[in-house]
Asks: 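My structure is below; once you've seen it, I'll send some questions.
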Amino acid sequence: MNFTVYSKDGCPYCSQVKQVLSAKGLLYVDYKLGVDFEREAFYDQFGEGSTFPQVVLNNENLGGCSDTVKYLREKNLI
């Protein structure tokens, strides 16, 4: 499984979702706003008004922190 986390500094939900993935031994790549992408590209990919973080699994957008945790529970990954 290839998780990608689109995050920004100072975001508690970004930290939380990365902690959940790490605690379960799930590998992820972390892309940071202002370093790896700009806000315009973020909105182009996820839609205007999207919030941080956004988590992608194998090119499927899982959504933010709560949506990602819900997905992981449904798939018995946590």
Side-chain angles (χ1 to χ4, degrees):
M1 286 191 261
N2 297 312
F3 289 94
T4 305
V5 179
Y6 292 84
S7 66
K8 67 178 182 176
D9 287 335
C11 168
Y13 295 107
C14 298
S15 299
Q16 184 178 359
V17 80
K18 290 185 278 187
Q19 287 174 349
V20 168
L21 292 171
S22 293
K24 295 303 172 184
L26 300 169
L27 301 177
Y28 65 90
V29 176
D30 183 25
Y31 291 125
K32 289 200 178 285
L33 176 66
V35 177
D36 302 301
F37 64 93
E38 297 303 323
R39 195 171 297 272
E40 184 178 319
F42 179 81
Y43 289 145
D44 286 347
Q45 182 168 349
F46 299 108
E48 197 69 36
S50 293
T51 58
F52 287 91
Q54 288 296 312
V55 181
V56 176
L57 172 60
N58 300 329
N59 297 320
E60 176 188 350
N61 185 25
L62 301 181
C65 183
S66 58
D67 290 332
T68 299
V69 170
K70 179 181 174 188
Y71 173 88
L72 295 172
R73 284 190 178 128
E74 288 173 354
K75 301 297 181 186
N76 294 316
L77 295 171
I78 59 172

Asks: Within the structure provided, determine whether Phe3 and Leu72 are in side-chain contact (heavy-atom separation under 4.5 Å).
Replies: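 Yes. Closest side-chain heavy atoms under 4.5 Å.
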
Asks: Which pairs count as salt bridge (Lys or Arg N to Asp or Glu O under 4.0 Å) when at least one residue sits in residues 51-61, sequence neighbours excluded?
Replies: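 The answer is none; no pair qualifies.
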
Asks: Strictly by salt bridge (Lys or Arg N to Asp or Glu O under 4.0 Å), give each pair with a member in residues 10-35 just once, sequence neighbours left out.
Replies: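 Those involving residues 10-35 are Asp9-Lys32, Lys18-Asp30, Asp30-Lys32.
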
Asks: Indicate if Tyr13 and Val69 have the same hydrophobic cluster label, given that clusters are the connected sets of ILVMFWY residues with side-chain heavy-atom separations under 4.5 angstrom.
Replies: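 No, Tyr13 does not connect to Val69 through the hydrophobic network.
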
Asks: By salt bridge (Lys or Arg N to Asp or Glu O under 4.0 Å), which residues pair with Lys8, not counting sequence neighbours?
Replies: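 Lys8: no salt bridge (Lys or Arg N to Asp or Glu O under 4.0 Å) contacts found.
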
Asks: Kindly compute the distance separating CD (Gln54) from SG (Cys14), expressed to the nearest 0.5 Å.
Replies: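 The distance works out to 9.5 Å.
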
Asks: By the ring-ring contact (aromatic ring centres under 6.0 Å, His included) test, which pairs, at least two apart or in different chains, include something from residues 56-78?
Replies: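 Sorted result for residues 56-78: empty, none.
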
Asks: Applying the 4.5 Å side-chain criterion to the ILVMFWY set and letting contacts propagate, would Ile78 and Leu57 be lumped into a single cluster?
Replies: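 The answer is yes; both residues are in one hydrophobic cluster.
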
Asks: Hey, does Asn61 have a side-chain heavy atom less than 4.5 Å from the side chain of Asp67?
Replies: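 When only atoms from C-beta onward are counted, Asn61 and Asp67 do not touch, as no gap falls below 4.5 Å.
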
Asks: Return the OG1 to OH distance between Thr68 and Tyr28, rounded to the nearest 0.5 Å.
Replies: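 Here the rounded value is 12.5 Å.
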
Asks: Test question: given the 4.5 Å side-chain rule for I, L, V, M, F, W and Y, name all other residues clustered with Tyr6, or answer none.
Replies: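 Result for Tyr6 is Val29, Tyr31, Leu33, Phe37, Phe42, Tyr43, Phe46, Phe52, Val56.
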
Asks: Measuring from Leu62:CG to Thr4:OG1, what's the distance to the nearest 0.5 Å?
Replies: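 The OG1 atom of Thr4 is 10.0 Å from CG of Leu62, to the nearest 0.5 Å.
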
Asks: Do the side chain of Asn2 and the main chain of Asn58 share a donor and acceptor less than 3.5 angstrom apart?
Replies: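 Not confirmed, Asn2 side chain does not pair with Asn58 backbone.
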
Asks: Can you tell me how far the CD atom of Glu40 sits from the CD atom of Gln45, to the nearest 0.5 Å?
Replies: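 Rounded to the nearest 0.5 Å, the CD-CD separation comes out at 13.0 Å.
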
Asks: Residues in salt bridge (Lys or Arg N to Asp or Glu O under 4.0 Å) with Lys70, at least two apart?
Replies: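 Counting only residues at least two positions away or on another chain, Lys70 forms no salt bridge (Lys or Arg N to Asp or Glu O under 4.0 Å).
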
